[in-house]
Amino acid sequence: MPEGHILHRLAREHLRLFGGAPVAVASPQGRFAAGAKLVDGRPLERAEADGKHLFLGFPHAWLHIHLGLYGVVTFGAAPAPEPVGLVRLRLANQDHYADLRGPTTCELLTPAEKDAVHARLGPDPLRADADPERAWHRISRSRSTVAALLMDQKVLAGVGNVYRAEVLFRHGIDPHRPGRELTRAEWEPIWQDLVELMRAGAETGRIDTVRPEHTPEAMGRPPRVDDHGGEVYVYRRAGQPCLVCGSEVRTEEHAARNLFWCASCQQR
DNA sequence: TCTTTATGGCGAT
DNA sequence: TCGCCCTAAAGAT
């Protein structure tokens, strides 16, 4: 379930469980054995997220993790059990362990290489140093659709398919509109909304975007359970009635990703 | 025991 | 735009 809010959450959690003390680092699966050996037994000094990238700071290297589509981290209390499945990376101390499975990236970087990753990313709504003006600069000059731009990590870092679909719904924006046709008056509240939605997501670990007045309870409809764990307007709700207007939520493949929207509520 | 699917991203064409 | 990579769970056969 990796959008940016999860990575910020993971950064905090790693620091809380492993920060400041030596960490046993291993690669039970073997694919990261050489890298693990280089930081094994070193203290975890820092942890930060940048978009969907996670950086764990050891004295001599940054451990760079990107979960990709299927990557997942699971935490548990010591003693760590025999690894189940393909565990690329295991961190452990006297009290806790963390297992990483299926990441697209798990590597060691120098500070310069870490900076290079940061340099190629757009502003991350969850970072204090984010400059939304950089995103606006690109969006307002682009012929690409707003849907594609919001997912482009060079434009905005950390936004994924769920936040993309949901924020466009919340602002009534047709995902197919070219970025250059978006106005600044439309963009600014979208950015602000991403900051607030993703902050909430980082707190709860799930994506909830439905306003109180549109919950099934408030609308007099039966309660609903979303299988991905959060309450959303359109993401993966194709064919179901829009929570606001009742028309069918639509879906299509857009730049090789699933796009969801309400054609009636999102006409701007 | 298969096939399908997923909240991502890269490099080749 | 396409194919490919990482993995596990759910659904189909």
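Every chain is numbered from 1, with letters handed out A, B, ... down the list of sequences.
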Describe the nucleic acid contact of Arg88(A) in one word from base, sugar-phosphate, nothing, applying a heavy-atom distance below 4.0 Å. sugar-phosphate
Atom-to-atom span, NZ of Lys154(A) to P of dG9(B) - whole angstrom: 10 Å
Length of the line joining Arg164(A):CZ and dA6(B):C1', which is rounded to integer Å: 14 Å
Would you measure the distance from the P atom in dT5(B) across to the matching atom in dT13(C) and give it in whole Å? 12 Å
Ile65(A) CD1 - dT7(C) P separation (whole Å): 14 Å
Basic-acidic side-chain contact under 4.0 Å: Glu186(A), Arg268(A): yes
When rounded to the nearest Å, what value does the distance between P atoms of dT13(B) and dC5(C) take? 15 Å
Between His66(A) and dG9(B), is there a side-chain N or O to OP1/OP2 distance below 4.0 Å? yes
Less than 4.0 angstrom from a charged side-chain N to a carboxylate O is my criterion; do Arg16(A) and Glu13(A) meet it? yes
Does dA6(B) have OP1 or OP2 under 4.0 Å away from a side-chain N or O of Asn161(A)? no
Among dT7(B), dC5(C), dA8(C), find the nucleotide with the atom closest to the side chain of Thr104(A). dC5(C)
I want to check one thing: is the phosphate of dG9(B), taken as OP1 and OP2, less than 4.0 Å away from some side-chain N or O of Lys52(A)? yes
Could you label the plane-to-plane angle of the His14(A) and Phe18(A) rings as parallel, tilted or perpendicular, counting under 30° as parallel and over 60° as perpendicular? tilted
Rounded to whole angstrom units, what separation is found between the CG atom of Asp50(A) and the P atom of dG9(B)? 12 Å
Which whole-number value in Å describes the distance from Arg236(A) CZ to dA6(B) C1'? 7 Å
Check the distance between dT7(B)'s C1' and Tyr235(A)'s OH and give it to me in whole angstrom. 5 Å
Within less than 4.0 Å of OP1 or OP2 of dT7(B), is there a side-chain N or O belonging to Arg257(A)? yes
Taken to the nearest whole Å, CG/Leu67(A) to P/dG9(B) is 10 Å
From the list dG9(B), dG8(B), dA8(C), which nucleotide is the closest neighbour of the side chain of Leu69(A)? dG8(B)
Which is true for Gln29(A) with a 4.0 Å heavy-atom rule: it touches a base, it touches only sugar-phosphate, or it touches nothing? sugar-phosphate
Mind running side-chain hydrogen bond (donor to acceptor under 3.5 Å, both in side chains) on Thr105(A) and His64(A) for me, showing each step along the way? CA-CA 7 Å; Thr105(A) 300; His64(A) 174 216; 5.2 Å; no
Thinking salt bridges, do Arg12(A) and Glu203(A) make one under a 4.0 Å N-O criterion? yes
Atom pair distance, as rounded to whole Å: CD in Glu3(A) and P in dT7(B): 9 Å
